[in-house]
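So that the names make sense, note that chain A is the first sequence line, chain B the second, and so on, each numbered from 1. Everything quoted here is computed from the prediction, not taken from an experiment.
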Amino acid sequence: MARTLHFSIFRHNPYDPQSVPRMQSYTLDETPRATLFTTLNRIREEQDPSLQFDFVCRAAICGSCAMLVNGRPLLACKTRTEELPETITMHPLPFFRLVGDLSVDTGSWFGEMEQRVESWVHQQHSFDPNGLEERMSNDKALEIYELERCIECGCCLAACGVALMRPDFLGAAGMLRVARYLADPRDHRSEAQVLEVLAPDSAVSGCVGFLACDDFCPKNLPLEEQWAFARRWLLAHGALSDNRPTPQRIG
Amino acid sequence: MTTIVTDVLVIGGGLAGERTAIEAASRGLRCIILSLVPPKRSHSSAAQGGMQAAMGNMAESQGDSPDVHFEDTVKGADWGNEQDVARKFVTLAPIAIRQMSYWGVPWNRVVAGPRTLPDGRVIEEAKEKEGLIAARNFGGTKKWRACYCSDGTGHSLLYAMDNVAVELGIEVHDRVEAVALIHGGERCFGAVVRDLRTGELRSYIAPATVIATGGYGRIYGLSTNAVINEGTGMIIAQDTGVVPLGNMEAVQFHPTGVVPGDILVTEGCRGDGGYLLDKNEHRFMVDYEPAKKELASRDVVSRRMVYHMRQGYGIDTPYGPHLWLDIRHLGKEHIETNLRDVAEICRDFLGVDPVHQLIPVRPTQHYSMGGVRTDSEGRAYGLKGLYAAGEASCWDLHGFNRLGGNSLAETIVMGMVVGETVAKDRAGTDFTFQERCAIDTQKQVEERIRKLLRGGGKEYVFDLRNRVSDILMEKVAVFRNGKDLEKAVEELQEVYERAQNLGLRSNGLGPNPEMASALRMPGMVRVALTIAYGALQRTESRGSHYREDYAHRDDVNWLKRTLATWQPGAKLPTLNYEPVKITELPPGERGYGEAQGQAPQAQAAQKEAIHG
Ligand SMILES: Cc1cc2nc3c(=O)[nH]c(=O)nc-3n(C[C@H](O)[C@H](O)[C@H](O)COP(=O)(O)OP(=O)(O)OC[C@H]3O[C@@H](n4cnc5c(N)ncnc54)[C@H](O)[C@@H]3O)c2cc1C
Ligand code: FES
């Protein structure tokens with residue numbers, strides 16, 4: 001039997017002077033194999049063409065569609081209605097600036113993070129178009145790839161208690177970016193630069209180890225492991241004192 | 001009126017746009033990139049398979065070279081492409097791959113030693129190649145040539161590219177849409193841009209404007225493309241009335257997009273022995289193609305699938321009919337290892353377990369070969385100071401069929417070329433800009449917005465969009481014939497009339513999505529008409545353009561490219577044609593073994609082409 005789904009969706013258009021933040025209800029019959037991508041588009045086309053949300057790839061690749069569904073940050077395109085109860089509440093991701101309704105501005109935050117961590121390979125020589133590529137073991141290539149699978153969806157920040165209290169927090173996404181370059185033999189950034197980025201309270205020292213980032217990462221990135229790696233790196237470089245334990249999963 | 005001035009305005013933040021900007025910036029020009037979304041969310045990130053370049057590092061790519069790559073590309077194109085472009089492309093592709101490695105892409109690498117292929121053959125990777133960039137096999141190529149990063153080639157490429165743009169301090173304005181080009185009939189001066197956060201308009205003035213806006217797949221509702229690929233770059237080019245779009249009727253389809261969602265599942269499923277079943281769970285390909293069955297070429301399989309569904313053998317759903325892909329008999333182990341990506345897509349997006357259940361699939365639009373026509377250095381025809389790159393362009397590498405893996409390589413190689421052209425053209429020239437043009441263009445856009453805000457007409461944008469999609473999918477897709485194409489043109493003209501009468505149901509303020517769609521709609525119908533009308537006029541079959549009533553390639557009459565402009569106020573595009581440039585390889589057999597031979601008169605044409 002097809003279910004009837006009841007949606008309660010956060011609405012607000014900051015560019016409409018009449019708009020006040022509110023929850024709006026929609027009712028829809030469930031279709032087979034529907035995801036929140038197909039469903040939200042049906043609501044927009046059939047009931048409310050003003051409803052804002054962001055999808056680009058609709059295949060869990062581009063990171064556009066993170067939102068809170070029944071309180072949990074997730075990728076809407078990868079969420080099937082079948083997995084959800086009949087009553088579904090949707091909010092925009094916290095932490096990021098609201099564009100409208102379910103749409104938030106993750107792009108600006110990630111752009112600034114990239115400047116902050118200097119998210120590019122720090123090469124020592126220039127490119128030689130006539131030379132062969134530098135050799136690398138396939139295992140190394142796979143290790144780097146594993147660390148750059150982040151799609152910048154923002155779920156880790158939306159789930160993070162520290163980030164919600166301090167907007168300058170580097171977050172799991174920023175920490176992972178640094179780890180990606182530390183793993184890359186082509187990168188020659190200075191230790192001082194890494195220390196400056198990772199050591200402060202707004203970065204690794206500020207993480208209290210709830211690891212909600214790891215729980216909610218839709219790409220299952222090895223965030224718990226990489227926080228521990230970052231702490232060990234800082235310890236080894238004398239930037240953390242030993243009396244703070246490596247974060248352990250709390251609760 | 002807010003006006004922003006820069007040296008180079010790049011419309012599009014996918015691989016093509018970012019590579020163009022990087023090249024121009026490293027030659028000392030100030031660039032601004034515009035994008036509908038943060039650049040790393042562009043469609044380029046979704047390419048998973050690989051990027052073609054003749055590196056020749058694998059056992060199965062021994063003997064590969066730019067020459068072999070050239071030949072594969074021209075055959076793939078069914079001789080509809082520019083051979084000088086193809087030559088330049090195959091020469092630069094290996095450099096592009098190595099430069100991306102230098103910029104941080106973790107290409108998979110060669111592991112020396114023996115290994116067993118899925119077909120049981122044992123090959124030996126050479127010791128001296130250990131650690132060089134690896135490649136995998138892709139359809140339509142003689143050698144293994146597709147360089148890749150696990151299952152995320154496009155993702156890794158786009159992130160590395162964006163990192164370089166960040167390093168160079170290239171300015172990116174995201175969540176904006178170029179809605180009109182500013183020009184004076186002979187020269188392009190930039191674009192009027194709508195901020196999708198606020199709804200405000202701005203004018204960007206630049207001596208060089210580059211269209212790198214990707215494909216138009218989404219005009220065909222059912223498409224493997226990202227949902228933002230609505231052809232807006234081609235629309236604004238065509239809107240000028242002087243810039244032609246090339247070969248818009250050349251559209252590639254993929255046999256297996258899942259339903260709903262249209263996410264592509266790889267051809268590997270059929271390659272490894274998957275079946276296609278109809279509503280009675282009958283394996284129908286055996287009836288149509290007794291020899292090759294599911295392994296017939298992409299085009300043939302798509303056509304048979306559509307035909308079979310039209311005979312009433314599809315499975316009906318709220319999303320329209322589909323067929324089944326059955327890989328259950330390949331067994332759990334094979335599916336979980338060799339077809340892991342497919343298994344994940346099925347579980348995550350459909351809730352289907354392909355080890356025990358059937359996968360709902362149908363042919364889906366996949367790639368746009370046509371685009372803004374440029375010369376072999378990326379200058380658009382019709383307007384000075386306008387350029388194009390990537391899937392939005394038609395310098396014409398792909399002709400009537402793109403080879404898998406050639407498009408990622410094209411975005412990067414063409415970005416290199418166009419960035420250089422822009423810098424070359426800029427050197428030593430003065431730029432005088434007619435302010436009147438910017439003011440007038442912005443006023444015209446403002447007027448369109450005002451009209452919609454005032455209430456406008458009665459037509460609902462999503463109704464029209466669905467109508468366009470239905471017409472194209474039904475009559476301008478894998479099967480084409482004169483009667484249906486005529487009907488499609490007629491029906492699209494009706495939709496075009498209705499699109500002049502759009503009205504909003506919501507208030508249209510700020511980032512309102514209905515307003516953004518309504519502004520795009522008339523242009524989308526024009527592009528749809530350009531595809532349909534071009535297909536109607538082209539009375540032959542070439543590559544992905546298959547006419548039931550003209551089943552052969554016709555090199556006597558059709559070894560030429562369609563150029564479509566749209567005159568102001570016209571109801572149809574104006575079509576002109578130019579010859580295809582054949583510099584090395586005269587037309588011949590593609591060797592794909594499909595039942596699509598040449599007409600006898602084509603042989604005469606071949607002789608001519610060799611001598612002419
Ligand atoms: C599912 C899938 C898999 C694929 N796999 C492969 C593969 O394995 N190998 C391969 O070679 N090719 C593959 N392709 C094709 C390839 O991905 C694309 O051809 C290529 O990425 C296009 O890149 P681009 O830079 O031209 O455009 P895109 O990446 O589409 O970027 C377009 C950019 O333009 C911007 N834009 C658009 N309109 C406007 C506007 N009006 N104003 C401002 N900005 C605008 C967008 O925001 C975006 O930034 C695949 C395609 C699909 C659909
Ligand atoms: S739309 Fe791309 S991740 Fe969901």
- [ ] Please state whether the side chain, the backbone, both or neither of N57(B) comes within less than 4.5 Å of a heavy atom of chain A.
- [x] side chain
- [ ] Looking only at non-hydrogen atoms, find the nearest pair between C150(A) and H155(B) and report the distance.
- [x] O-CE1, 3.1 Å
TODO: Below 4.5 Å from any heavy atom of chain B, which atoms of I151(A) appear? Answer side chain, backbone, both or neither.
DONE: both
Task: Proximity breakdown for D463(B) and chain A, heavy-atom pairs closer than 4.5 Å - done: neither
TODO: Below 4.5 Å from any heavy atom of chain A, which atoms of V111(B) appear? Answer side chain, backbone, both or neither.
DONE: side chain
TODO: Determine the option with the most heavy-atom pairs under 4.5 angstrom with chain A, choosing from P94(B), P360(B), A96(B), G154(B).
DONE: P360(B)
- [ ] With a 4.5 Å cut-off on heavy-atom pairs, point out which of L36(B), T224(B), V258(B) contacts chain A the most.
- [x] T224(B)
- [ ] Could you check which of M136(A), Q115(A), E143(A) has the highest count of heavy-atom pairs closer than 4.5 Å to chain B?
- [x] M136(A)
Open item on the list: Which atoms of V172(B) are under 4.5 Å from chain A, going by heavy atoms: the side chain, the backbone, both sets, or neither?
Closed with: neither
TODO: Could you check if a side-chain atom of R505(B) sits within less than 4.5 angstrom of a side-chain atom of Q47(A), using non-hydrogen atoms only?
DONE: no
Task: Donor-acceptor under 3.5 Å (R58(A) side chain, G261(B) main chain) - done: yes
TODO: Using a 4.5 Å cut-off on heavy atoms from C-beta on, say whether the side chain of D162(B) contacts that of E114(A).
DONE: yes
TODO: Check step by step if side-chain contact (heavy atoms from CB on, under 4.5 Å) holds for F127(A) and I95(B).
DONE: CA-CA 10 Å; F127(A) 174 65; I95(B) 298 174; 4.0 Å; yes
Task: Options K140(A), E83(A), H125(A), Q123(A), ranked by heavy-atom pairs under 4.5 Å with chain B, top entry - done: Q123(A)
Open item on the list: Closer than 3.5 angstrom, by distance alone: can the side chain of E133(A) be matched with the main-chain N or O of I133(B) as a donor-acceptor pair?
Closed with: yes
Open item on the list: Is R97(A) in contact with chain B via its backbone, its side chain, both, or neither, using a 4.5 Å heavy-atom distance?
Closed with: side chain
Task: Which of Q48(B), E514(B), R98(B), H43(B) touches chain A most, by non-hydrogen pairs under 4.5 Å - done: R98(B)
- [ ] Could you tell me which portion of P39(B) (side chain, backbone, both or neither) has an atom closer than 4.5 angstrom to a non-hydrogen atom of chain A?
- [x] neither
Task: Donor on one side chain, acceptor on other, T106(A) and R41(B), under 3.5 Å - done: yes
Open item on the list: Working note: Y319(B) + T31(A), criterion side-chain contact (heavy atoms from CB on, under 4.5 Å); need CA distance, chi angles, decisive distance, verdict.
Closed with: CA-CA 9 Å; Y319(B) 320 105; T31(A) 49; 2.6 Å; yes
- [ ] Would you confirm whether R135(A), through its side chain, and E130(B), through its main-chain N or O, come within 3.5 Å as a donor-acceptor pair?
- [x] yes
Task: Donor-acceptor contact present, side-chain Y102(B) to main-chain P129(A), <3.5 Å - done: no
Open item on the list: Under a 4.5 Å cutoff for heavy-atom pairs, which residue among G104(B), P38(B), A226(B) has the most contacts with chain A?
Closed with: G104(B)
TODO: Search all heavy atoms of P32(A) against all heavy atoms of P318(B) and return the closest pair with its distance.
DONE: CD-CG, 4.0 Å
Open item on the list: Return the CZ to OG distance between R44(A) and S517(B), rounded to the nearest 0.5 Å.
Closed with: 6.5 Å
Open item on the list: Out of L264(B), D174(B), V164(B), V259(B), return the one with the most heavy atom pairs under 4.5 angstrom to chain A.
Closed with: V259(B)
Task: Pairwise side-chain contact, R175(B) with S108(A), heavy-atom cut-off 4.5 Å (strictly under) - done: no
Open item on the list: Testing the basics here: between S506(B) and S50(A), what is the closest heavy-atom pair and its distance to 0.1 Å?
Closed with: CB-CB, 3.5 Å
- [ ] Using atom types as modelled and distance alone, determine if a side-chain donor or acceptor of N13(A) lies under 3.5 Å from a backbone N or O of G510(B).
- [x] no
Open item on the list: Can you tell me which portion of R186(A) sits under 4.5 Å from chain B's heavy atoms? Options are side chain, backbone, both or neither.
Closed with: side chain
Task: Under 4.5 Å from any heavy atom of chain A - which part of M55(B) - done: side chain
- [ ] Report the option among D139(A), T35(A), D105(A) that has the most heavy-atom pairs separated by less than 4.5 Å from atoms of chain B.
- [x] D105(A)
Task: Side-chain heavy-atom pair Q52(A), N512(B) within 4.5 angstrom cut-off - done: no
Task: Side chain / backbone / both / neither for P106(B) at chain A, heavy atoms under 4.5 Å - done: both
- [ ] Using distance alone, with no hydrogens and no angle criterion, decide if Y145(A) and D151(B) have a side-chain donor and acceptor under 3.5 Å apart.
- [x] yes
Task: W120(A) backbone acceptor or donor facing N163(B) side chain under 3.5 Å - done: no
Open item on the list: Given heavy-atom pairs under 4.5 angstrom as the criterion, report whether the side chain, backbone, both or neither of S223(B) touches chain A.
Closed with: backbone
Task: Interface moiety of E152(A) toward chain B, non-hydrogen atoms closer than 4.5 Å - done: both
Open item on the list: Counting heavy-atom pairs under 4.5 Å with chain B, which one of V56(A), V121(A), D184(A) comes out on top?
Closed with: V56(A)
TODO: Check whether T38(A) gets within reach of chain B through its side chain, its backbone, both or neither, counting any heavy atom under 4.5 Å.
DONE: side chain
Task: Non-hydrogen atoms of K78(A) and F349(B) that approach each other most closely - done: CA-CE2, 3.7 Å
Task: Which portion of D54(A) sits near chain B, non-hydrogen atoms under 4.5 angstrom - done: side chain
TODO: Sort R180(A) into side chain, backbone, both or neither according to what part of it lies under 4.5 angstrom from a heavy atom of chain B.
DONE: side chain
- [ ] Please examine the side chains of R465(B) and E45(A), heavy atoms only from C-beta on, and report whether any two atoms are closer than 4.5 Å.
- [x] yes
- [ ] Taking the side chain as every heavy atom from C-beta outward, state whether S119(A) and V166(B) have any pair of such atoms under 4.5 Å apart.
- [x] no
Open item on the list: Heavy-atom cut-off 4.5 Å, strictly under: side chain, backbone, both or neither for P511(B) against chain A?
Closed with: both
Task: Segment of D348(B) engaging chain A (4.5 angstrom heavy-atom cut-off) - done: both
Open item on the list: Using the rule given for side chain to side chain donor-acceptor pair (under 3.5 Å), can you reason through E134(A) versus S101(B), listing the C-alpha separation, both sets of side-chain angles and the distance that settles it, and then say yes or no?
Closed with: CA-CA 8 Å; E134(A) 264 178 80; S101(B) 174; over 6 Å; no
Task: Residue D16(A) versus chain B: region with a heavy atom under 4.5 Å - done: both
TODO: Work out which heavy atom in A46(B) is nearest to a heavy atom in I61(A); give both atom names and the distance.
DONE: CA-CG2, 3.9 Å
Open item on the list: At a heavy-atom distance under 4.5 Å, which candidate from V461(B), I263(B), I228(B) has the highest pair count against chain A?
Closed with: I263(B)
Task: Part of Y159(B) within contact of chain A (heavy atom distance under 4.5 Å) - done: side chain
TODO: Compare all side-chain heavy atoms of R109(B) with those of S137(A) and state whether any distance is below 4.5 angstrom.
DONE: no
TODO: Would you indicate whether Q357(B), at its atom CD, is surrounded by more than 12 heavy atoms from other residues, nucleotides or ligands within a distance under 6.0 Å?
DONE: yes
TODO: Name the region of N108(B), side chain, backbone, both or neither, that has any atom closer than 4.5 Å to a heavy atom of chain A.
DONE: both
Task: chain B contact via Y181(A) - which portion, at a heavy-atom distance below 4.5 Å - done: side chain
Open item on the list: Between N466(B) and chain A, with a heavy-atom cut-off of 4.5 Å, which part of the residue counts as in contact: side chain, backbone, both or neither?
Closed with: side chain
TODO: Select one option (side chain, backbone, both, neither) describing which atoms of T317(B) are under 4.5 Å from chain A's heavy atoms.
DONE: side chain
Task: Heavy-atom pair with the smallest gap, counting every atom of Y15(A) and T198(B) - done: OH-CG2, 3.1 Å
